[in-house]
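This report refers to the structure that appears directly beneath it.
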Amino acid sequence: MALRLHNTMSSQVEEFRPLRDNEVRMYACGPTVYDYGHIGNFRTFIAVDLLQRFLRQSGYKVRYVMNITDVDDRIIHNAARDEVSVQQYTAKYEKVFLEDTAMIGIERPHLVRATEHIPQMAEFVARLVEKKIAYRADDGSYYFRIASFPAYGKLSKKDFSGMIDGARVDVDEYDKDSARDFALWKAPKPGEASWDTPIGPGRPGWHLECSVMSMEELGESFDLHAGGEDLVFPHHENEIAQSESLTGKTFARFWFHVRFLLVEGEKMSKRLGNFYTLRDLVLKGHKPSSIRYLLTSVPYRNQLNFTFDGLKQAAVSVERLCNFRERLSAGNFPAGSTPEMQSLAGESVERMKAALDDDLNTAQAQAAIFEMVRRANSAIDSGQLKAGDAAPLLAALDRFDEVFAVLNDDDAAKMKAVFQWALAEGREKEISTELRDQVQADQTSNVAIEGKIAEMEAARKARNFAVSDALRTELVSAGVIIENTKDGVRWRRK
RNA sequence: GGCGCGGUACCCAAGUGGUAAGGGAGAGGUCUGCAAAACCUUUAUGCGUCGGUUCGAUUCCGACCCGCGCCUCCA
């Protein structure tokens with residue numbers, strides 16, 4: 001079965017086939033690097049990352065490009081406020097973005113920066129002017145003439161045919177031909193960052209950069225363009241207008257939009273006090289793997305209600321999968337293999353693929369893996385599972401994690417990094433006791449832990465349970481989880 | 001006002017014109033010196049409300065109620 005994806009352009013779930021055999025060219029609108037990213041941003045980026053991972057798992061070569069918007073009004077404003085250059089300002093937040101995406105398990109796309117493509121953007125505008133699609137306003141800004149592109153509105157399903165020119169012209173937009181016409185190129189205001197180009201001084205508009213960079217990297221027509229649902233209009237609509245009126249070709253064939261999330265049942269906003277950056281959550285003691293799991297557990301087109309209760313549940317779910325993997329890889333099973341477990345592994349892989357093929361139904365894919373875990377655990381308990389069954393089951397789990405990326409067990413180091421960042425930024429007050437404990441637990445050395453465990457085991461052998469229990473309590477409070485299995489003691493950090 | 005999405009158990013959340021996945025939490029049990037892990041049993045005659053179509057609807061249609069999104073910067 002082939003992948004079927006919802007396409008905003010057709011409002012339908014369609015079979016996804018790339019233009020070129022075996023190669024997918026996709027573009028995602030990335031961050032404007034003016035602040036720390038919030039969990040809503042990351043829902044989108046994780047969804048696109050998951051798509052990209054699944055495409056590769058399905059055998060495609062994926063060329064995935066993401067832009068970094070490193071010049072815009074907010075950046076200019078904030079840089080001025082902080083009395084640093086635009087470049088210094090964006091460098092900081094680009095670094096933050098890269099750290100955050102790595103923390104949340106996003107594989108790095110090929111990144112392109114707006115400020116590194118200024119000449120191409122100016123050239124793009126010049127070509128649109130030549131075709132009389134763009135025009136220059138008195139102040140030196142350039143606008144796109146929407147009236148020249150009759151298909152305008154086809155993505156967002158808006159009808160502009162009845163628009164009355166000038167109906168909503170505001171003071172700043174007095175010299176546009178039509179109020180709806182959008183800026184391609186903004187003339188510099190005093191003190192603003194600007195570039196000297198053949199079309200005059202200024203800086204690119206946001207819509208322009210995505211058109212120019214995506215076509216430069218992927219060609220005039222490519223397979224898929226992604227972003228948050230809010231970008232459908234006007235951003236993506238404008239990209240289409242610019243690009244297609246210049247090339248006369250279909251710009252992107254599939255439009256992939258990720259729905260906004262809710263936080264505790266309400267729209268996330270600073271006003272409501274439910275606005276969280278990724279780092280805020282880690283400061284509260286939540287693991288990156290829990291956050292990623294929660295953000296992938298609801299299919300990307302459904303509204304996801306992000307709650308702290310859900311975050312705890314996600315942590316337990318991830319732990320269950322990790323425990324299972326540990327149990328399979330460390331256990332001693334009788335030689336041989338069973339047809340039941342072999343086919344269970346195969347069926348589970350099939351079910352996961354079928355679920356993801358169905359417009360990335362991550363919830364179904366997770367259900368499939370849990371079903372496998374339960375049945376395999378059951379087989380282990382009843383002594384049915386054989387040594388030769390472990391490999392295919394582990395392979396199925398790996399296959400799951402190639403896409404979901406939650407089982408790496410590298411949370412401790414990531415949390416420690418956030419801990420240190422908070423200290424460096426003077427934000428130690430925001431470090432929760434939970435995070436403090438996590439970092440503390442990580443500092444107890446393996447040798448020390450294993451020493452304690454040896455003592456505990458000696459006491460247990462001597463049936464001195466008071467001593468062994470005391471040692472175990474001590475270890476547990478240091479964040480170490482102890483399990484006595486029939487193959488010996490197994491321990492791990494919380 | 002225009003366009004669009006959703007309301008499923010205590011919580012999160014899939015799904016289908018033929019009788020409700022999965023996870024978490026709760027309860028009981030198995031195993032264990034005790035825990036932990038794991039497993040088993042159990043928790044919606046019910047899928048916002050009211051009508052309609054149908055042999056049969058949670059699933060299709062209509063109305064209504066509620067929540068949410070876009071239409072302006074926003075992932």
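We use all heavy atoms of the structure for the numbers below, so side chains are in, but hydrogens, waters and symmetry mates are not. Chain letters run A, B, ... following the sequence lines, proteins first, then strands; residues in each count from 1. Everything quoted here is computed from the prediction, not taken from an experiment.
Annotation: A:Tyr93 is not in aromatic contact with A:Tyr34 [ring centroid separation under 6.0 Å not met]. Ring pair A:Phe260/A:Phe306: centre-to-centre distance not below 6.0 Å. Ring to ring, A:Phe275 and A:His38 are close: their centroids are under 6.0 angstrom apart. Ring centroids of A:Phe222 and A:Phe251 are separated by less than 6.0 Å, placing the two rings close together.
In terms of the salt bridge (charged side-chain N to carboxylate O under 4.0 Å, His left out) criterion, A:Asp398 has no residue partners (sequence neighbours excluded). With sequence neighbours excluded, no residue forms a ring-ring contact (aromatic ring centres under 6.0 Å, His included) with A:His6. Take A:Asp82 and apply the side chain to side chain contact (heavy atoms under 4.5 Å, CB included) test, not counting sequence neighbours, and it matches A:Val84, A:Tyr89. Scanning for ring-ring contact (aromatic ring centres under 6.0 Å, His included) contacts around A:Phe144 gives A:Phe182, with sequence neighbours left out. With sequence neighbours left out, A:Phe42 forms a ring-ring contact (aromatic ring centres under 6.0 Å, His included) with no residue at all. A:Lys452 pairs by the side-chain hydrogen bond (donor to acceptor under 3.5 Å, both in side chains) definition with A:Glu474, not counting sequence neighbours. A:Tyr293 pairs by the ring-ring contact (aromatic ring centres under 6.0 Å, His included) definition with nothing, not counting sequence neighbours.
In this structure, A:His225 places its NE2 atom 14 Å from P of B:A75, rounding to the nearest Å. Look at NE2 on A:His207: it is 11 Å from C1' on B:U72, rounded to the nearest Å. Distance A:Phe400 CZ to B:G22 C1': 11 Å, rounded to the nearest Å. Per the geometry, OH belonging to A:Tyr300 stands 13 Å off P belonging to B:A14, to the nearest Å. Counting to the nearest Å, the P atom of B:C70 and the CZ atom of A:Arg301 are 17 Å from each other. One can place NE2 of A:His77 at 17 Å from P of B:C73, the figure rounded to the nearest angstrom. For the pair A:Gln364 CD and B:A14 C1', the computed distance is 5 Å after rounding to whole Å. If you take CG of A:Asn41 and C1' of B:C73, they are 13 Å apart, rounded to a whole angstrom.
Contact check, A:Lys267 against B:C70: a side-chain N or O comes under 4.0 Å of OP1 or OP2.
Within residues 227-234 of chain A, the residues approached by RNA chain B to less than 4.0 Å at the level of any non-hydrogen atom are A:Gly227, A:Gly228, A:Glu229, A:Asp230, A:Leu231, A:Phe233, in residue-number order.
Salt bridge status for A:Glu350 with A:Lys353: absent, with no side-chain N to carboxylate O gap under 4.0 Å. A salt bridge links A:Arg279 with A:Glu99: the closest approach of a Lys/Arg side-chain nitrogen to an acidic carboxylate oxygen falls below 4.0 angstrom.
Among the duplex regions that RNA chain B forms, those built from at least three successive Watson-Crick or G-U pairs under 3.5 Å are B:1-7 with B:65-71, B:10-12 with B:22-24, B:26-30 with B:38-42, B:48-52 with B:60-64, ordered by first number.
At the heavy-atom level, A:Arg74 lies under 4.0 Å from the strands shown only through sugar-phosphate atoms. Nucleic acid contact class of A:His235 (heavy atoms, under 4.0 Å, all strands): none. A:Phe370 comes within 4.0 angstrom of the backbone, heavy atoms only, and of no base.
Nucleotides B:G15 and B:G52, compared at atom P, are 29 Å apart to the nearest Å. Taking atom C1' on both B:G22 and B:G28, the two are 22 Å apart, rounded to the nearest angstrom. With both ends at atom C1', the span from B:C50 to B:G69 equals 27 Å, rounded to whole Å. Separating the P atom of B:G26 from that of B:C10 is a span of 16 Å, rounded to the nearest Å. To the nearest whole angstrom, the two C1' atoms, one in B:C34 and one in B:U19, are 46 Å apart. The P atoms of B:G17 and B:G1 are separated by 33 Å, rounded to the nearest whole Å. Spacing of C1' atoms, B:A27 relative to B:C60, comes out at 40 Å, to the nearest Å. Only the P atoms considered, B:U8 is 8 Å distant from B:A13, to the nearest whole Å.
Inspection of the A:Arg493 and A:Asn446 side chains reveals an N or O donor paired with an N or O acceptor under 3.5 Å. Side chains of A:Gln52 and A:Asp49: a donor-acceptor N/O pair is present below 3.5 angstrom, by distance only.
In the set B:U72, B:C68, B:G2, the nucleotide with an atom closest to the side chain of A:Leu262 is B:C68.
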With B for base contact, S for sugar-phosphate-only contact and - for none (protein heavy atoms under 4.0 Å), nucleotides 31-39 of chain B reads --BBBBSBS
With the sugar-phosphate defined as primed atoms, P, OP1 and OP2, and the base as all remaining atoms, what B/S/- string results for nucleotides 8-13 of chain B, 5' to 3', for protein heavy atoms under 4.0 Å?
---B-S
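Nearest-nucleotide assignment on RNA chain B puts the 5′-proximal partner with A:Ala314, out of A:Ala314 and A:Lys158.
No aromatic stack links A:Phe45 and the base of B:A75, using centre distance under 5.5 Å and interplanar angle under 30°.
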Pairs under 3.5 angstrom only: tabulate donor-acceptor contacts from the side chains of residues 203-211 of chain A to other protein residues two or more places apart or in another chain.
| unit_1 | atom_1 | unit_2 | atom_2 | d |
| --- | --- | --- | --- | --- |
| A:Arg203 | NE | A:Glu192 | OE1 | 3.4 |
| A:Arg203 | NH1 | A:Asp73 | OD1 | 3.3 |
| A:Arg203 | NH2 | A:Asp73 | OD1 | 2.6 |
| A:His207 | ND1 | A:His235 | ND1 | 2.9 |
| A:His207 | NE2 | A:Asn238 | ND2 | 3.1 |
| A:Glu209 | OE2 | A:Asn67 | ND2 | 3.0 |
| A:Glu209 | OE2 | A:Thr69 | OG1 | 2.9 |
| A:Ser211 | OG | A:Glu239 | O | 3.2 |
| A:Ser211 | OG | A:Gln242 | OE1 | 2.7 |
| A:Ser211 | OG | A:Ser243 | OG | 2.8 |

